[in-house]
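Encoded as structure tokens, the structure appears first; notes follow it.
Heavy atoms only: backbone and side chains are in, while hydrogens, waters and symmetry mates are out. Below, chains carry the letters A, B, ... as their sequence lines are ordered, and counting in each starts from 1.
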There are 2 protein chains.
Amino acid sequence: MTERDTAAPPRRARRVDARRNEQKLLDAAASVFVASGVDAPIREIAAEAGVGLGTIYRHFPDRTGLVIAVYGHQVETCAEAGRQLLAEEPSPLDALLAWVERFVDFVITKHGLADALGSDDPGFQRLHAHFLDRLVPVCAELLAAAEDAGQITPGVDAYELMRGIGNLCVGHESDDRYDPRHLIRLLVRGLRIAES
Amino acid sequence: MTERDTAAPPRRARRVDARRNEQKLLDAAASVFVASGVDAPIREIAAEAGVGLGTIYRHFPDRTGLVIAVYGHQVETCAEAGRQLLAEEPSPLDALLAWVERFVDFVITKHGLADALGSDDPGFQRLHAHFLDRLVPVCAELLAAAEDAGQITPGVDAYELMRGIGNLCVGHESDDRYDPRHLIRLLVRGLRIAES
DNA sequence: AGACGATACGGAACAGCGTTCCGGATTGTC
DNA sequence: GACAATCCGGAACGCTGTTCCGTATCGTCT
């Protein structure tokens, strides 16, 4: 295998207009997402980018792909923050708390993202799955550290916890009386081993 | 005001076919809801009832109204169970736990209901609001009792708690790895005052 | 430079949804 | 039996996401 890839047919490089349109779409999507939420109509994004509908589907499988492309970097950043917090914070539990807080901030500040994560729409479920795939291992690491330190009750599943935290964020935009942070803090408090 | 209502014009009673169709719709809706979930297409319910689309909208403002009509009774039952549990259970906290468990059972056993409660669809938000209007006072009562008994930390908002519990139920159907009950127990554990 | 094939674009077209609307059928009353 | 009030059915509208293909553009090779 002296070739760069196994049995790779000599593919031509992508055309410049394609690359340009992809960038236009990412910019437009980011702009529309903050203005109208991540569930904004596809046509709105196409219009904002000055591009046809077909062009969107050429570059992204569906809106979920677009959302992942737009916010993927921030998810990555959040994931990487896990290890760093574990090193910086005074205790694993503190690290866990800080990390959860950071994740919640990320989700809450994106219009409609929290609701999208809780949606039963198949597309949005893929979105949730993608986020979780990246973040659950980090959460698991933090949980394990806190467990080893004897700070939290063992046997808590990272996937379930992440999923629950995401769920608790649902609906925060359309309801002044509901602040997810309260309950999330309460939930994490429920993890703690009482210091007797 | 010897009349039954203030300035009530002498309204004729509803026609028998109207009453019959309403019943047919309720039956059909209940059947379709368990088969296809509460977010089943309106047309499906109309077909099941052997009725036109207009007939649905004549009797119910939208699908939300239909859901409320179908499940309203069970919500009522759940609400009434609050006081009873408070009398039966050994302690207010036990009553709260049992009541929450009962509520979660209700939500979880209805196809798509949990997801509907977490939906950002305006119609479904009205549904959530209706459920909460009826149940929040009950939850508040239970919370207050547990607070007075010194069993839980004070200052927990019943509305927020109910909303959070509803949210935690979201997505349980489409995800084997996620069991809302775990987190809900954990959450309520977070309420508890550590017995030191 | 010119031409030709690969690639990408645009938007019409389709399917499915909730909701509205009104001509016509049904019902209760006089 | 006749006449209103009431109610029904389903076509039609507007809004979704998604697919599809004729056309335009780009990169390369002569």
Margin query: I need the residues from residues 53-68 of chain B with at least one non-hydrogen atom less than 4.0 Å from DNA chain C; give them sorted by number, or say none.
Written below: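 Contacting residues: B/L53, B/G54, B/Y57, B/D62, B/R63.
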Checking the side chain of [X] only, and the main-chain atoms of [Y] only, is there a donor and an acceptor separated by less than 3.5 Å?
| X | Y | value |
| --- | --- | --- |
| B/E173 | B/G112 | yes |
| A/N167 | B/V170 | yes |
| B/T64 | B/G123 | yes |
| A/Q151 | A/L93 | yes |
| A/R63 | A/V38 | yes |
| B/T55 | B/V51 | no |
| A/E141 | A/R83 | no |
| A/R185 | A/P180 | no |

Nearest-neighbour nucleotide for the [X] side chain, [options] considered:
| X | options | value |
| --- | --- | --- |
| B/V51 | D/dG9, D/dT16, C/dC9 | D/dG9 |
| A/V16 | C/dA8, D/dC26, D/dG9 | D/dC26 |
| B/D17 | D/dT25, C/dG18, C/dT26 | C/dT26 |
| B/R15 | D/dC26, D/dA5, D/dC8 | D/dA5 |

Can you measure [X] atom [atom1] to [N] atom [atom2] for me and round it to whole angstrom units?
| X | N | atom1 | atom2 | answer |
| --- | --- | --- | --- | --- |
| B/R43 | D/dC8 | CZ | P | 18 Å |
| A/D39 | D/dG17 | CG | P | 9 Å |
| B/R20 | D/dT6 | CZ | P | 18 Å |
| A/N21 | D/dA24 | CG | C1' | 13 Å |
| B/D121 | C/dC17 | CG | P | 14 Å |
| B/R126 | C/dG18 | CZ | P | 15 Å |
| A/I45 | D/dG17 | CD1 | P | 8 Å |
| A/I42 | D/dC15 | CD1 | C1' | 14 Å |

Notebook entry, point to check: With nearest nucleotides of DNA chain C determined for A/K24 and B/P41 from heavy-atom distances, which residue corresponds to the more 5′ nucleotide?
Noted result: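 Between the two, 5'-proximity favours A/K24.
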Margin query: With each end axis built from five pairs of C1' atoms, what bend angle do you get for the helix from C/dA1-D/dT30 to C/dC30-D/dG1? Round to 10°.
Written below: 20°
Next item on the list: May I have the step-by-step check of side-chain contact (heavy atoms from CB on, under 4.5 Å) for B/R181 and B/I108, ending in yes or no?
Entry: CA-CA 10 Å; B/R181 296 166 211 264; B/I108 280 185; 4.0 Å; yes
